[in-house]
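Working notes, structure below.
No experiment lies behind these values; they were computed from the predicted model shown. Every chain is numbered from 1 and lettered A, B, ... according to where its sequence line falls, protein lines coming before strand lines.
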There are 2 protein chains.
Amino acid sequence: MNTPRRTTIYDVATEAGVAASTVSRTFGNPRRVNATTREHVLRVAERLGYRPNPLATALQSGHKATIAMLVPDITNPHFFGTIRGAERRASEAGVTFILGNTEESAANERNQIERLDHSVDGFVLAASRMSDETTVGIAQSHNLALVNREVDGLPGVVVDTGPGSWQIVEHLASLGHRSIVYLSGPHQSWLANERWKALRAAAERRGLSVGRLGPFPPRVSGGGAAADAALVSGATALVAHNDLLAIGVLRRLSERGVAVPGRVSVVGYDDIFGADLCVPALTTLAGPEDEAGRVAVELLLRKGSLSTAHPAPQRVVLPTHLVIRDSTGPRRAETPAGSGRAPARRPGRGSGDTGTARAPARSRLGHPGRGSPSAERP
Amino acid sequence: MNTPRRTTIYDVATEAGVAASTVSRTFGNPRRVNATTREHVLRVAERLGYRPNPLATALQSGHKATIAMLVPDITNPHFFGTIRGAERRASEAGVTFILGNTEESAANERNQIERLDHSVDGFVLAASRMSDETTVGIAQSHNLALVNREVDGLPGVVVDTGPGSWQIVEHLASLGHRSIVYLSGPHQSWLANERWKALRAAAERRGLSVGRLGPFPPRVSGGGAAADAALVSGATALVAHNDLLAIGVLRRLSERGVAVPGRVSVVGYDDIFGADLCVPALTTLAGPEDEAGRVAVELLLRKGSLSTAHPAPQRVVLPTHLVIRDSTGPRRAETPAGSGRAPARRPGRGSGDTGTARAPARSRLGHPGRGSPSAERP
DNA sequence: ACGGTCGTGGCAAGCGATTGCCAAAAGTTG
DNA sequence: CAACTTTTGGCAATCGCTTGCCACGACCGT
């Protein structure tokens with residue numbers, strides 16, 4: 001509170017009987033100062049409780065040891081993984097971590113970048129809403145690393161939507177589904193489009209019919225409209241833009257008495273916390289979001305250190321995998337028995353018995369191993 | 001990337017034909033400069049795309065317009081609410097927001113504070129793990145606002161555990177439970193102790209027997225041991241330190257075939273995302289975590305502005321409320337029928353049928369309205 | 001007409017580091 | 001031992017902005 005004037009290099013210098021520059025070099029450029037002197041200086045600094053002032057350092061050297069991460073919606077659990085991965089990596093590197101929320105707005109995103117411009121070494125832009133042009137423009141004067149967004153020459157990391165969507169389609173196809181509908185996220189979302197494109201391609205290759213509905217807000221609350229629209233479409237497999245939306249869809253379907261997976265199957269993206277808690281537990285495409293965060297920071301850090309052309313990967317793609325749970329099952333058959341699939345019913349954990357009037361009672365066929373909770377998510 | 005030398009007050013000053021100090025005052029102390037001059041300067045600044053450099057400002061004036069929030073475990077959904085509340089408020093105030101993870105370690109917490117010391121105006125310490133003495137010590141030279149932690153003279157905000165725990169006890173008592181066990185979180189956690197004390201007091205007042213087990217890691221993974229220990233204790237009502245732990249307990253109980261709420265009831269704290277998704281949906285004490293984050297930042301901001309004794313509340317207590325869902329029910333009766341409680345079974349949404357061997361089949365008594373999903377949580 | 005307030009704007013000294021340049025000291029070499 | 005290279009440490013300028021202090025002119029009252 002009160003300001004007892006913190007100790008500076010000058011204090012240390014005086015006390016140690018050397019010049020301030022020597023103290024500075026002791027910290028910033030140790031090989032430039034004699035080992036014994038250095039020892040001495042360090043000792044004195046220690047004794048005086050000296051801490052370098054990052055602001056002064058930054059002002060002079062331009063090296064701020066700080067990065068900022070901007071996310072469209074800090075409220076969305078989807079980003080939590082990325083955020084924590086990024087924070088971890090930054091922290092490991094001794095870099096301070098600024099978190100900003102852009103409220104799904106490109107303008108807001110620009111503003112934040114503007115504001116933080118002087119204060120950070122670079123930005124991690126998660127699911128950036130800005131246009132390609134804008135982004136490229138900004139990249140000319142700023143250090144950027146993109147997460148789940150691709151822009152020509154810019155470094156970034158994405159979770160691999162292509163193969164992921166392919167896995168989803170294969171899974172659904174193998175369950176006998178012939179018609180898929182994609183419940184889309186925001187249209188400015190690169191990821192939403194990417195997912196749609198990949199899904200469509202995969203479906204077409206497989207000869208399934210596929211449609212897109214939306215956009216829907218990528219939140220639980222978007223699920224109502226999405227579910228209703230999907231039901232009208234007649235598709236038997238619904239692929240939601242993310243788990244939040246999928247959970248909303250599940251809710252709405254349950255309200256409307258539509259059996260899942262008896263009548264329709266539902267798939268999400270992200271495998272957020274809670275995806276294995278809902279009923280039925282959600283089949284979803286899991287991506288290493290933490291890893292994405294880490295890698296993005298890594299890219300930023302790397303770029304900063306070696307300015308000249310560095311053959312390091314500027315573009316990393318992270319693998320996804322499909323986590324199959326209870327919200328997907330065989331396409332509804334007309335025969336009452338043996339058509340549906342119930343998860344292995346272990347004592348005490350119920351998750352079946354989903355459909356009632358409309359869904360035929362289902363026998364215990366199916367894939368007994370599938371109902372198990374996903375990996376621990378603390 | 002390349003550095004085209006950003007425009008400074010000097011550029012603006014030259015261009016506008018005034019002194020640099022005038023430019024500075026135009027921004028920092030507008031009433032000190034003539035309206036027309038100011039207009040002119042602003043126009044020029046605008047044209048040149050001038051942005052003040054916060055680092056230089058901070059270096060000179062000590063005003064950094066930046067705060068940091070430290071949380072013990074960035075991985076824990078419990079904190080997300082607080083984090084986003086804090087980020088929002090900071091953002092509204094034009095204050096940049098640094099997020100740090102302390103990995104549940106007091107030492108780490110100190111270090112972070114040390115490191116960020118020069119860079120921020122103050123710290124929001126969420127569920128700080130540091131001792132009272134250490135905290136007080138730090139508070140002498142730093143601006144602090146505590147969340148869910150109370151230390152004598154320090155400003156802070158807590159969610160109201162006392163009445164909250166009382167509500168829990170009342171609820172359980174009214175369901176006929178006579179014996180409660182508290183599954184404790186980390187012992188350094190002030191909150192964990194606070195909850196325990198309040199719970200014990202409430203239980204004793206009500207004449208219920210109450211015990212404490214633990215500590216358990218406040219994560220889903222801690223639930224296994226917690227559940228097992230609780231079963232041995234013979235209590236019929238388990239109150240877990242937080243929802244994560246409660247969810248873990250639910251899992252374990254389900255694995256062991258123990259009916260919830262048929263055989264035991266389970267209550268959590270926090271009402272995190274997912275608490276209403278699990279099976280059975282968790283009864284839990286909801287607190288306004290977002291609000292807590294906001295208020296903490298508010299306190300910090302307030303303190304900074306008016307240095308002299310300000311009668312503003314330095315200590316705010318936020319109300320909690322019990323969200324009753326499906327994990328609590330009447331104490332198990334010996335009669336097979338009518339003892340347990342199944343949520344209203346609406347078509348298409350299954351959630352009952354939890355117990356098997358040990359739990360008697362349950363009829364449709366109980367509180368039909370209770371199974372509904374909680375308020376929207378995006 | 002003269003001294004006194006005010007309102008404005010400029011000068012210059014920092015804030016706490018970094019760093020280019022230089023000189024003294026030390027070590028090398030023929 | 002002279003000439004030369006390498007270490008090592010000091011000087012002082014600089015980063016971009018804030019702010020105490022001063023000066024100048026306009027306006028005021030008497």
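Within 4.0 Å of A:Val23, counting heavy atoms only, lies no atom of the nucleic acid at all. Here B:Tyr50 lies in heavy-atom contact (under 4.0 Å) with sugar-phosphate atoms only. Base engagement by B:Ser21 is indicated by at least one non-hydrogen atom pair under 4.0 Å involving a base atom. Note on B:Pro52: only backbone sugar-phosphate atoms sit closer than 4.0 angstrom, heavy atoms only; bases stay farther off. Base contact: A:Ser24 has a heavy atom under 4.0 Å from a base atom.
The CG-P distance, from A:Asn34 to D:dT8, rounds to 5 Å in whole Å. For the pair A:Leu59 CG and C:dG16 P, the computed distance is 12 Å after rounding to whole Å. In this structure, the CG atom of A:Asn29 is 12 Å from the P atom of D:dT8, given to the nearest Å. Atom pair A:Asn53:CG and D:dC15:C1' shows a separation of 13 Å (rounding to whole Å applied). In this structure, A:Leu48 atom CG and C:dG16 atom C1' are separated by 15 Å, rounded to whole Å. Between the C1' atom of C:dG16 and the NE2 atom of B:His118 lies a distance of 9 Å, rounded to the nearest Å. Going from atom NZ of A:Lys64 over to atom P of D:dG16 covers 11 Å, rounded to whole Å. Separating the CZ atom of A:Arg6 from the P atom of C:dA17 is a distance of 11 Å, rounded to the nearest angstrom.
Contact annotation: side chain of B:Arg51 to base of D:dG16, donor-acceptor pair absent below 3.5 Å. Below the 3.5 angstrom threshold, one finds a donor paired with an acceptor across the side chain of A:Arg25 and the base of D:dG10. For C:dG9, its base never sits under 3.5 Å from the side chain of B:Arg38 at any donor and acceptor pair. With hydrogens and angles ignored, a donor-acceptor pair under 3.5 angstrom links the side chain of A:Arg32 to the base of D:dG9.
Between A:Arg129 and A:Glu103 no salt bridge is recorded (no basic side-chain N to carboxylate O distance below 4.0 Å). With respect to A:Arg302 and A:Glu298, a salt bridge is recorded, a charged nitrogen being found less than 4.0 Å from a carboxylate O. Using a cut-off of 4.0 Å between Lys/Arg side-chain N and Asp/Glu carboxylate O, B:Asp290 and B:Arg84 are scored as salt-bridged.
Between A:Gln60 and B:Tyr10, it is A:Gln60 whose nearest contact on DNA chain D lies nearer the 5' terminus.
Summarising the local packing, CZ of B:Arg110 is surrounded by 12 or fewer heavy atoms from other residues, nucleotides or ligands at distances under 6.0 Å.
Between B:Leu125 and the choices B:His142, B:Glu109, B:Arg149, B:Met69, the side-chain contact (heavy atoms from CB on, under 4.5 Å) rule is met once, by B:Glu109.
Checking D:dG10, C:dT18, D:dG16 against the side-chain heavy atoms of A:Thr57 singles out C:dT18 as nearest. The side chain of A:Ala19 lies closest to D:dG10 when the candidates are D:dT18, D:dG10, D:dC17.
Listed pair A:Thr37 / D:dG9 meets the phosphate criterion, a side-chain N or O lying under 4.0 Å from OP1 or OP2. Regarding contacts with the backbone of D:dG10, a side-chain N or O of A:Thr22 is found under 4.0 angstrom from either OP1 or OP2.
B:Tyr10 has its ring centre no less than 6.0 Å from the ring centre of B:Tyr50.
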